[in-house]
Amino acid sequence: QSALTQPASVSGSPGQSITISCSGTSSDIGSYDLVSWYQQFPGKPPQLIIYQVNKRPSGISDRFSGSKSGYTASLTISGLQAGDEADFYCSSYAGSGTHWLFGGGTELTVL
Amino acid sequence: QVQLQESGPGLVMPSQTMSLFCAVSGGSIGSSGYSWSWIRQSPGKGLEWLAYIYHTRSSYYNPSLRSRLSISLDTSKNRFSLNLTSVTAADTAIYYCARRPTVTTALDYWGQGILVTVSS
């Protein structure tokens with residue numbers, strides 16, 4: 001099964017809000033509320049920032065929020081900061097055959 | 001605080017078998033409530049889920065790599081491992097191990113990753 005589809009890059013100015021989309025199918029995002037989002041800085045492992053569509057782990061800023069509509073999940077970052085520059089990946093459960101999928105990743109640039 | 005640490009060869013010859021280990025501290029891999037995963041990232045590319053295993057030793061694989069992958073637990077050493085057979089240059093990547101609690105179903109702790117290069 002193909003990876004989830006994310007835009008290659010997004011950008012925004014400090015203080016603004018940006019949204020990163022993650023498109024799937026009826027077999028993954030459309031069937032399960034098991035979407036998670038990860039932030040990855042260069043040379044570092046990914047870090048969990050959203051799980052089960054819209055839940056934040058302890059210690060993650062409330063500037064990060066998640067949502068889902070149909071076959072598309074979204075990550076919104078509000079009050080953009082320079083330190084938010086990183087790559088972001090979505091992931092979804094895709095059933096007992098494929099199990100887990102990742103998106104191709106989105107590079108966030110803070111202008 | 002849970003910590004995961006990958007280890008293994010940094011260089012593997014084409015057609016050989018790659019064996020990686022993930023040592024877990026701060027928690028027992030024999031405990032229920034978690035699965036233990038391997039994920040890789042090719043240079044400059046995205047993440048690819050490879051395999052995961054439960055404390056019951058039930059294991060699951062990426063369908064596209066299933067025939068070449070094997071994941072196992074060693075509870076005596078509190079580590080889990082991954083074998084990838086018949087490697088090619090396309091398997092050159094950073095390999096990460098990670099923990100997934102069943103209650104959150106997300107990868108909450110990751111190792112730092114190990115770069116494995118396939119080359120003669």
Side-chain angles (χ1 to χ4, degrees), chain A residues 1-9 20 22 27-29 31-60 64 66 73 75 86-107, chain B residues 1-7 20 22-24 33-54 58-67 69 71 82 93-116:
Chain A
Q1 190 165 356
S2 300
L4 306 171
T5 301
Q6 298 180 232
S9 62
I20 299 173
C22 173
S27 298
D28 38 72
I29 293 176
S31 290
Y32 306 97
D33 287 336
L34 297 178
V35 177
S36 52
W37 290 88
Y38 302 87
Q39 179 181 34
Q40 185 180 33
F41 295 105
K44 298 294 186 182
Q47 178 187 11
L48 177 66
I49 56 173
I50 294 288
Y51 68 97
Q52 291 175 0
V53 177
N54 55 17
K55 298 177 182 176
R56 280 187 308 276
S58 174
I60 298 300
F64 295 92
L75 172 71
D87 294 328
F88 291 84
Y89 294 90
C90 62
S91 178
S92 176
Y93 185 63
S96 59
T98 302
H99 294 281
W100 295 97
L101 292 172
F102 281 102
T106 299
E107 180 182 19
Chain B
Q1 178 80 353
V2 175
Q3 292 185 313
L4 294 88
Q5 180 66 58
E6 305 88 350
S7 62
L20 299 175
C22 180
V24 178
Y34 303 97
S35 63
W36 304 93
S37 296
W38 287 98
I39 302 99
R40 72 180 180 182
Q41 186 169 33
S42 299
K45 300 292 179 60
L47 302 169
E48 180 179 29
W49 166 74
L50 299 177
Y52 66 98
I53 188 167
Y54 288 98
S58 296
S59 56
Y60 304 89
Y61 299 96
N62 184 319
S64 65
L65 294 165
R66 182 183 181 86
S67 63
L69 285 170
I71 190 172
L82 183 77
I94 297 173
Y95 287 75
Y96 295 101
C97 58
R99 185 186 82 165
R100 190 192 300 272
T102 52
V103 65
T104 65
T105 68
L107 299 162
D108 62 350
Y109 284 97
W110 294 66
Q112 287 300 306
I114 181 170
L115 174 61
V116 180

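Chain letters run A, B, ... following the sequence lines, proteins first and then strands; every chain starts at 1.
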Report summary line: Whatever's closer than 4.5 Å to a heavy atom in chain A on B/Tyr61 counts as backbone
Requested in this report: Kindly compute the distance separating CG (B/Asp108) from OG (A/Ser36), expressed to the nearest 0.5 Å.
Outcome: 10.5 Å
Requested in this report: Find out whether A/Trp100 and B/Ser37 are in side-chain contact, i.e. whether some heavy atom of one side chain is under 4.5 Å from a heavy atom of the other.
Outcome: no
Requested in this report: To the nearest 0.5 angstrom, please state how far the CZ atom of A/Phe102 sits from the CG atom of B/Leu107.
Outcome: 5.5 Å
Query raised in the report: Hey, what do you get for OG1 (B/Thr104) to OH (A/Tyr51), rounding to the nearest 0.5 Å?
Result: 6.5 Å
Report summary line: Those residues of residues 38-45 of chain B that come under 4.5 Å of chain A on a heavy-atom basis, listed by number, are B/Ile39, B/Gln41, B/Lys45
Report summary line: On a heavy-atom basis, the closest approach of B/Trp110 and A/Pro46 is CD1-O, 3.4 Å
Query raised in the report: Looking at A/Thr98 and B/Trp49, what are the two nearest heavy atoms and their distance?
Result: O-CZ3, 3.3 Å
Requested in this report: Could you list which of residues 37-44 of chain A have a heavy atom closer than 4.5 Å to any heavy atom of chain B, in residue-number order?
Outcome: A/Tyr38, A/Gln40, A/Lys44
